[in-house]
Protein chains: 2
Amino acid sequence: MGSYNEMWQKLNMDLQKHDILCAALPDSFGEIYMTQKNRPDNMNYFNYALAEVHGARIEEIQKSKKNGKKVVGTFCVFVPDEVILAADAVGVGLCSGSQFWVEDGEKVLPRNICPLVKAFMGAKVSRTCPYFQLTDMIVGETTCDAKKKAYEILEEYMPVHVMELPQMKREKDFQEWQDEIKLFIKKIEEFTGNKITVEKLKNSIDLVNKKRRALKRLYDLRKHTPSPISGLDALLVSQVAFVDDPIRFTEKTEELCDELDERIKTMKPNGRKRIMITGTPMSVPNWKIHHIIEGLNAEIVVEETCTGTRYFEKEVFDEGDTIDDLVRNIAERYMNINCACFTPNNDRIDDIIKYAEEYNADGVIYCNLSFCHTYAIEYGKLEKALKENNIPLINIETDYSEEDVGQIRTRVEAFLEMI
Amino acid sequence: MGSYNEMWQKLNMDLQKHDILCAALPDSFGEIYMTQKNRPDNMNYFNYALAEVHGARIEEIQKSKKNGKKVVGTFCVFVPDEVILAADAVGVGLCSGSQFWVEDGEKVLPRNICPLVKAFMGAKVSRTCPYFQLTDMIVGETTCDAKKKAYEILEEYMPVHVMELPQMKREKDFQEWQDEIKLFIKKIEEFTGNKITVEKLKNSIDLVNKKRRALKRLYDLRKHTPSPISGLDALLVSQVAFVDDPIRFTEKTEELCDELDERIKTMKPNGRKRIMITGTPMSVPNWKIHHIIEGLNAEIVVEETCTGTRYFEKEVFDEGDTIDDLVRNIAERYMNINCACFTPNNDRIDDIIKYAEEYNADGVIYCNLSFCHTYAIEYGKLEKALKENNIPLINIETDYSEEDVGQIRTRVEAFLEMI
């Protein structure tokens, strides 16, 4: 990373503390990522994007801000990017994946809530995340108790708009969600001063669909045995998707896929177990579980998570003559994300069974962030369903600390031997 | 308790296991309740109601069932009793307050969720709660992640209808909640075969308002210094309210209040610190915190909880010519319960400050069941507000086990000395 001290200072960051983070990240990335053998050449872009995640990308967004753009920060795949982009704003997924931020988060939140929520709060409280510092407005959602209530505290630090996501998927909930998207449109129009027109919204739908299609193409390539890309690398691509410029990201992902298209022509089976990950999101730089699993005789071929399939599956239908038409299309796509926040959420089980077949997975590893009640409770139903379908499954509950790495490795090792 | 083995057997209960529970409860009740000095005579009814909570009351409900009534079980003060009663059904608050059920709950739920949710699940799984066994339908709600998802599991054991409670209190949420109450009316009409008429609903509104008024009268009497009733006894009255026949309960509570009216005429200050409890519900037989506090130099004068003020404050306006009118009145009353499930929930803070003055509280003890995220996170805001108002506060997070009793006692003792 170049020298961005002046920029960070202007963003009112805690430079001393941020330096500690900056010093740790390259080592960890080097150890986990750069030691992988035979990586696709086109991963270089994503290595660069990660290395410059607090540098060049921030500089770029700062330029957009100088040109009058607003920056909207999010934490959840339910906040529709299409609306943010149609208002000519920059959308960024905010920092939430490191143990580094947990301690500061615990200054304003209880300890026994999920590390992702504590981390994002700590990132703001400690002023060590440049994305938070340049974000003009946070758009939250009511997907879980911890986030819902944490936004009330975040609001003491910066403007927050919370979208109320229905907790069921009946017709009336679908109507509700459309209303909520319309409120969000009104809010962002006021905030940015930019009117969202049918044309602009159609353009952003098209843009985000293309991004989804690129990720879908990447995931489809992973269905090949062996996968032409490691799970770690695919995860990095997904993580970069949340902060990168969407047009450039799509191009770079397509280039990567072109290379992988060639790769699969000559790849031979490697005998490694094919693993599906399912559960809670893994936001940058949370590579813990992937690192453990791929350090053993296994490759991760699909993630049924918010930093995996839930982020890109299903496109927004792009036809319609009015904002209402397009909002209905957007609502339909987002309401079909099968998150454990919904009750019931049986379609997620169907997804997992379908992916197990499509990706030819040997087993499923359920990865749940500690204290995430919705995913933790949903495990029971999935366990039964996968047993009936003879799909091996283990449950790992973990946080961002390194304390349980040895124990998890032992459990995964035993699981891999068994399947 | 008399001999009800035959009845319990018919209810398909696990008699052997239930005997263990039945053997423990009288000892615990005797130690905690019967050692209190100078109790009001009219507490005898509530002692009896508690002693017969798995006996005579069950027999009574069984009789109603034989006469064609359906039994509807609930876990939350958001499910409108008015609707249940207007459908000529019996409403009961279900078992959820004992460590006894936690172990069985953990067989189907993760360990790190709140003991109340684990307990109700364990009560069903272990077949040791007669209320569960005679309940025809559970009515759940989406007030927290743990309950919302636990109902999906409970549904494998018995019929469950879940009401989607909005997470905000905007006009559109209020409309939503009215729709949800109408769906509940439709559901219960189908289930019971009884049509809910305007007249029936008005009658049940009147009946439940009278019950609330009796509880309000009891709480108003506690505003006297010293309180004419212990916090333990007031809590027992509240707990009995959830399972007792509402008409009889109201009469007995009014009789108790008549006695307390006389009492306050001759009572003299006793120098005990006046404590407000705020936080999560304390369902029967959870007397842990009250027992600790009142074993020290303090009396609990008000509970801002779902087994306290949130249960009875605010009446349903009883005028209206149509079901829609009455549903609007019901929705309005229930949406004004200031539960931490809402975002924001600042009115709860206002309530607590108001009660502190009205009840002349020397300090507030925040009692939170472990792993209840919404109340745990909301503590921070309350802490600030009470500091600004010079109202002393401590935070206790606990579960149903006895392990932390000594530690809590020490902390409360220090708190009482300080205030």
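By convention in this document, chain letters (A, B, ...) are assigned in the order of the sequence lines, proteins followed by strands, and residues within each chain are numbered from 1.
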Asks: Could you look at A/Glu397 and say if it's the side chain, the backbone, both or neither that has a heavy atom under 4.5 Å from chain B?
Replies: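 Contact with chain B: side chain only.
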
Asks: Any heavy-atom pair between the side chains of A/Glu176 and B/Glu164 that's under 4.5 Å?
Replies: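 The answer is no, as the side chains (C-beta and beyond) never meet within the 4.5 Å cut-off.
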
Asks: So for B/Lys384, is it side chain, backbone, both, or neither that comes closer than 4.5 Å to the heavy atoms of chain A?
Replies: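 Contact with chain A involves the side chain of B/Lys384 alone.
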
Asks: With side chains defined as the heavy atoms from C-beta onward, is the minimum distance between A/Asn112 and B/Asn112 less than 4.5 Å?
Replies: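 No, their side chains stay 4.5 Å or more apart.
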
Asks: Would you name the heavy atoms of B/Pro110 and A/Ile377 that are closest together and state the gap between them?
Replies: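 Result for this residue pair: CD-CG1, 3.7 Å.
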
Asks: Decide if atom CD of A/Glu103 counts as having more than 12 heavy atoms of other residues, nucleotides or ligands within a radius under 6.0 Å.
Replies: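 Check fails, neighbour count at 12 or below.
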
Asks: Counting neighbours of CD on B/Glu403 that are heavy atoms of other residues, nucleotides or ligands and sit closer than 6.0 Å, is the number greater than 12?
Replies: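 No, CD of B/Glu403 has 12 or fewer neighbouring heavy atoms, counting only those of other groups under 6.0 Å.
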
Asks: Please check: side-chain N/O of B/Asp145 versus main-chain N/O of A/Asp145, any donor-acceptor pairing under 3.5 Å?
Replies: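 Between the backbone of A/Asp145 and the side chain of B/Asp145 there is a qualifying donor-acceptor contact (under 3.5 Å).
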
Asks: Is it the case that more than 12 heavy atoms not belonging to B/Lys387 sit under 6.0 Å from its NZ atom?
Replies: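 Incorrect, the count does not exceed 12.
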
Asks: Heavy-atom pairs under 4.5 Å with chain B are the metric here; pick the option from A/Cys341, A/Ser370, A/Cys372 that has the most.
Replies: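 Heavy-atom pair counts peak at A/Cys341.
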
Asks: If you count every heavy atom of other residues, nucleotides or ligands that lies below 6.0 Å from A/Arg170 atom CZ, does the total exceed 12?
Replies: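 Above 12, so yes.
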
Asks: Among residues 113-122 of chain B, which ones touch chain A with a heavy-atom distance under 4.5 Å?
Replies: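 From residues 113-122 of chain B, the residues near chain A are B/Ile113.
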
Asks: Any side-chain to backbone donor/acceptor pair from A/Lys149 onto B/Phe342? Under 3.5 Å, distance only.
Replies: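 Flag set: sc A/Lys149 to bb B/Phe342 pair under 3.5 Å.
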
Asks: Taking only Lys NZ, Arg NE, NH1 and NH2, and the carboxylate oxygens of Asp or Glu, determine whether B/Glu155 and A/Lys381 approach each other closer than 4.0 Å.
Replies: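 No.
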
Asks: For residues 178-186 of chain B, give me every residue with a non-hydrogen atom less than 4.5 Å from any non-hydrogen atom of chain A.
Replies: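 Residues B/Asp179, B/Glu180, B/Leu183 are the ones that qualify, each having a heavy atom under 4.5 Å from chain A.
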
Asks: Measuring heavy-atom distances to chain A, does B/Val162 have an atom under 4.5 Å in its side chain, in its backbone, in both, or in neither?
Replies: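 When you check distances to chain A, atoms from both the backbone and side chain of B/Val162 fall under 4.5 Å.
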
Asks: Classify the angle between the aromatic ring planes of A/His373 and B/His373 as parallel (below 30°), tilted (30 to 60°) or perpendicular (above 60°).
Replies: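 Taking B/His373 first and then A/His373, their aromatic rings lie parallel (interplane angle under 30°).
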
Asks: Looking at B/Met168 and A/Thr142, what are the two nearest heavy atoms and their distance?
Replies: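 Shortest heavy-atom separation between B/Met168 and A/Thr142 comes out as CE-CG2, 4.3 Å.
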
Asks: Please check if any side-chain donor atom of A/Asn345 sits under 3.5 Å from a side-chain acceptor atom of B/Glu152, or the reverse.
Replies: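 No pair is found: no donor N or O on one side chain lies under 3.5 Å from an acceptor on the other.
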
